[in-house]
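Numbered from 1 within each chain, the chains take letters A, B, ... in sequence-line order.
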Protein chains: 2
Amino acid sequence: MNTTPKLRTYSISDLAKEFDVTTRTIRFYEQQGLLNPARQGQTRIYSPKDRVRLMLTLRGKRLGFSLAESKELFDMYDSTTEGDEKQLLYMLNILEKKQADMRQQLRDIQRLQEELNNAEERCRDALSKVRVGKRQKQKTG
Amino acid sequence: MNTTPKLRTYSISDLAKEFDVTTRTIRFYEQQGLLNPARQGQTRIYSPKDRVRLMLTLRGKRLGFSLAESKELFDMYDSTTEGDEKQLLYMLNILEKKQADMRQQLRDIQRLQEELNNAEERCRDALSKVRVGKRQKQKTG
DNA sequence: ATTTTCCTTTACGTAAACGTCAACCTTGAT
DNA sequence: ATCAAGGTTGACGTTTACGTAAAGGAAAAT
């Protein structure tokens with residue numbers, strides 16, 4: 001039975017275009033241990049798994065994760081099957097911390113959204129006043 | 001009529017303690033134009049407004065805003081009253097972009113929360129299996 | 001009086017996350 | 001054959017957000 005069906009592959013520039021990053025960035029992520037592309041000669045060949053990792057890494061970045069943090073999560077996740085008790089408890093600990101971070105961020109975002117709405121309203125008010133002023137000027141001038 | 005009631009003030013270390021940052025950080029933020037403390041001789045005296053700005057700056061950081069971005073938002077907000085039409089439209093533009101950012105972050109966070117939950121579950125499973133294994137060993141050993 | 005305790009400025013150092021060459025394959029198209 | 005397009009490895013440069021002394025003033029506690 002064939003347990004490893006041949007999956008899609010991607011070139012470095014494929015991924016660069018898809019995620020709007022430079023190839024330099026992708027090679028840097030590999031150097032930092034976040035990606036593990038196969039090689040065809042010298043050339044890097046990326047699997048769907050690499051692609052997902054890149055995606056997760058970039059999302060992590062948007063959420064303020066350092067590359068090292070993302071790598072730690074990847075490594076931990078990969079070793080869940082072989083991890084010993086201590087490792088697993090450590091991982092649960094980290095996961096709980098990340099969840100707490102995310103809860104905090106949710107609060108932060110919600111507050112900021114309110115404030116942005118307020119600022120927008122205030123801004124629209126100021127704008128309509130400016131425009132009324134302009135009309136008055138036209139009339140009198 | 002006294003339109004400027006004397007409000008609470010804070011020393012630099014007051015704020016440093018409250019927000020768990022170093023005084024170096026606070027001085028740096030001033031240098032970058034984010035804070036504008038009064039002076040008593042050489043010593044900096046922080047107003048509630050400064051305190052709020054520090055708070056907002058730090059929250060911005062947690063959400064991935066650079067100091068320059070936060071400063072831009074502060075400056076814009078301060079000038080809403082005097083801003084001309086062009087300025088105001090520009091500001092609305094920026095605000096809409098930030099809102100879009102925040103919507104994206106919300107999605108990011110929700111996905112990550114799901115994945116963290118999955119990872120946690122997987123981790124607990126692995127943990128219980130490890131523990132069962134231990135018990136079996138005790139019995140047989 | 002002198003020693004802490006805060007505060008100040010100035011200035012150089014640093015880690016993270018890439019950007020930006022340079023110098024070099026290789027491979028398909030003209 | 002050559003040449004443009006895309007790939008590779010160094011290696012040094014850059015920005016952001018501070019850290020870390022160094023050197024000193026001023027006030028409060030002993």
Side-chain angles (χ1 to χ4, degrees), chain A residues 8-47 50-51 53-75 94 98 101 105 108, chain B residues 8-47 50-51 53-75 94 98 101 105 108:
Chain A
R8 243 213 94 164
T9 64
Y10 308 85
S11 77
I12 194 167
S13 54
D14 286 346
L15 293 184
K17 273 173 204 160
E18 177 174 359
F19 294 107
D20 195 30
V21 296
T22 67
T23 60
R24 173 70 178 94
T25 297
I26 294 178
R27 289 194 201 97
F28 182 73
Y29 289 177
E30 179 183 350
Q31 196 184 323
Q32 301 304 305
L34 289 157
L35 302 175
N36 241 342
R39 296 282 180 138
Q40 192 174 115
Q42 270 197 309
T43 316
R44 279 163 248 247
I45 306 288
Y46 296 86
S47 69
D50 289 316
R51 184 175 162 279
R53 283 211 166 196
L54 178 54
M55 197 163 52
L56 292 176
T57 302
L58 294 173
R59 194 181 64 196
K61 269 199 54 181
R62 290 199 297 272
L63 295 177
F65 285 51
S66 72
L67 299 183
E69 282 173 321
S70 290
K71 175 178 156 55
E72 191 182 13
L73 287 175
F74 291 160
D75 290 353
I94 300 279
K98 299 294 173 194
D101 282 1
Q105 274 211 37
D108 284 345
Chain B
R8 245 213 92 166
T9 64
Y10 308 85
S11 76
I12 194 169
S13 53
D14 286 345
L15 293 184
K17 272 173 204 160
E18 180 175 359
F19 295 106
D20 195 30
V21 295
T22 67
T23 60
R24 173 71 178 96
T25 298
I26 295 177
R27 288 193 201 98
F28 182 73
Y29 288 176
E30 179 183 351
Q31 196 184 320
Q32 300 304 305
L34 290 157
L35 303 176
N36 239 342
R39 297 282 182 138
Q40 191 174 112
Q42 270 198 309
T43 315
R44 279 163 249 249
I45 307 288
Y46 296 86
S47 69
D50 290 314
R51 184 176 162 281
R53 283 210 165 197
L54 178 54
M55 198 163 49
L56 292 176
T57 303
L58 293 173
R59 195 181 61 196
K61 271 199 51 179
R62 289 198 299 271
L63 295 176
F65 285 51
S66 72
L67 300 183
E69 283 173 320
S70 291
K71 175 178 157 53
E72 191 182 14
L73 286 175
F74 291 161
D75 289 352
I94 300 280
K98 299 294 173 193
D101 282 0
Q105 275 211 36
D108 284 345

To the nearest angstrom, the CD1-P distance between B:Ile12 and D:dG25 comes to 19 Å

The residue among B:Thr9, B:Leu54, B:Asp14, B:Ile26 that forms side chain to side chain contact (heavy atoms under 4.5 Å, CB included) with B:Tyr46 is B:Ile26

Atom CD of B:Gln40 and atom P of C:dT8 are separated, to the nearest Å, by 11 Å

Against the side chain of B:Arg24, the closest entry in C:dG19, C:dC7, D:dG19 is D:dG19

Rounded to whole Å, the NZ-C1' distance (A:Lys71 to C:dA15) equals 18 Å

In whole angstroms, the gap separating C1' of D:dG7 from CD1 of A:Ile26 amounts to 13 Å

Notebook entry, point to check: Hey, is the main chain of A:Leu63 close enough, under 3.5 Å, to the side chain of A:Gln105 for a donor-acceptor pair?
Noted result: yes

From CD of A:Glu30 across to C1' of D:dT8 the rounded distance in Å is 11 Å

Comparing nearest nucleotides in DNA chain D, the 5'-proximal residue of the pair B:Leu67, B:Gln42 is B:Leu67

Using a 4.0 Å heavy-atom cut-off, does B:Ser11 contact any base of the nucleic acid, only the sugar-phosphate backbone, or nothing at all?
sugar-phosphate

Testing D:dG19, D:dG7, C:dC7 for proximity to the side chain of B:Thr22, the answer is D:dG19

Are OP1 or OP2 of D:dA17 and a side-chain N or O of B:Tyr29 less than 4.0 angstrom apart? no

When rounded to whole Å, the CG to C1' distance for the pair A:Asp20 and C:dG19 reads 15 Å

Against the side chain of A:Thr43, the closest entry in D:dC18, C:dG19, D:dT8 is D:dT8

On a heavy-atom basis, the closest approach of A:Arg39 and A:Ile45 is C-CG1, 4.4 Å

- With no hydrogens and no angle check, is any side-chain donor or acceptor of B:Ser13 less than 3.5 Å from a backbone partner on B:Ala16? no

Quick note, A:Lys61 side chain, CB onward, closest among C:dC7, C:dC18, C:dG19 is C:dC18

- Message: Is the phosphate of C:dA17 approached by A:Thr25 (side-chain N or O, under 4.0 Å from OP1 or OP2)?
- Response: no

Testing C:dC18, D:dA17, D:dC18 for proximity to the side chain of B:Ser66, the answer is D:dA17

Donor-acceptor contact below 3.5 Å, side chain B:Asp50 vs main chain B:Ser47: yes

- For C:dC6, take OP1 and OP2 only and decide whether either is under 4.0 Å from a side-chain N or O of B:Thr23. no

From CD of A:Gln31 across to P of D:dA11 the rounded distance in Å is 11 Å

- Item | Aromatic B:Phe65 / basic B:Lys98 pairing, under 6.0 angstrom, 45° off normal | yes

Closest to the 5' end of DNA chain C, once B:Arg39 and B:Lys17 are matched to their nearest nucleotides, is B:Lys17

Base D:dT8 paired with A:Arg27 side chain (donor-acceptor, <3.5 Å): no

Between CD of B:Gln32 and C1' of D:dC18 the distance, given in whole Å, is 10 Å

Within the pair B:Ser13 and C:dC7, is there a side-chain N or O less than 4.0 Å away from OP1 or OP2?
yes

